[in-house]
Amino acid sequence: MKYLIVFIVVIGVLLLLKRGQQRDRHRRPPAGASHAGPEQMLPCRHCGVHLPASRCVWRDGEPYCCAEHADMGR
Ligand SMILES: [Zn+2]
């Protein structure tokens, strides 16, 4: 009888741990979306193509889509 109680307690703890892990997984944002909110899209100052701010090539405070356009300027 004593072992049955221990067994039930162990099962209960395992279920609680499992439920906690699943809750953590749901709370975490999916991989690749770790940024808070949508990323700002900026136009290239040379050709006007829009790209995420983190992928811009910056030259004199202006965003460009690639190093070539940054070299060419506006
Ligand atoms: Zn460009």
Side-chain angles (χ1 to χ4, degrees):
M1 190 62 197
K2 196 175 150 193
Y3 291 112
L4 183 67
I5 292 168
V6 170
F7 181 73
I8 289 169
V9 168
V10 168
I11 294 291
V13 168
L14 286 174
L15 285 174
L16 282 174
L17 286 175
K18 212 173 190 183
R19 207 182 293 168
Q21 283 174 355
Q22 282 175 349
R23 214 184 299 150
D24 282 348
R25 210 176 298 151
H26 283 299
R27 209 181 297 156
R28 232 173 280 152
S34 55
H35 301 291
E39 196 170 353
Q40 194 182 1
M41 300 292 281
L42 295 169
C44 171
R45 290 292 182 226
H46 182 77
C47 67
V49 74
H50 281 69
L51 67 162
S54 64
R55 294 186 58 192
C56 290
V57 176
W58 291 91
R59 193 67 56 88
D60 300 327
E62 304 276 27
Y64 294 91
C65 67
C66 56
E68 286 78 27
H69 286 180
D71 290 339
M72 284 190 256
R74 283 170 187 264

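Numbering of ligands and ligand atoms starts at 1, following listing order. Just so you know, these numbers use all the heavy atoms, side chains as well, and skip hydrogens, waters and symmetry mates.
Residues forming a salt bridge (charged side-chain N to carboxylate O under 4.0 Å, His left out) with E68 (at least two apart in sequence, or on another chain): none. With sequence neighbours left out, R55 forms a side chain to side chain donor-acceptor pair (under 3.5 Å) with no residue at all.
Among residue pairs with one or both ends in residues 8-18, none qualify as salt bridge (Lys or Arg N to Asp or Glu O under 4.0 Å); sequence neighbours excluded.
Excluding waters, the set of protein N, O or S atoms lying under 2.8 Å from the Zn ion (ligand 1) comprises C44 SG, C47 SG, C65 SG, H69 ND1.
In this structure, R19 CZ and L14 CG are separated by 12.5 Å, a value rounded to the nearest 0.5 Å. The distance from atom NE2 of H46 to atom CG of D71, rounded to the nearest 0.5 Å, is 10.5 Å.
Under the 4.5 Å side-chain heavy-atom criterion for grouping Ile, Leu, Val, Met, Phe, Trp and Tyr, I11 is not connected to Y3 through any hydrophobic cluster.
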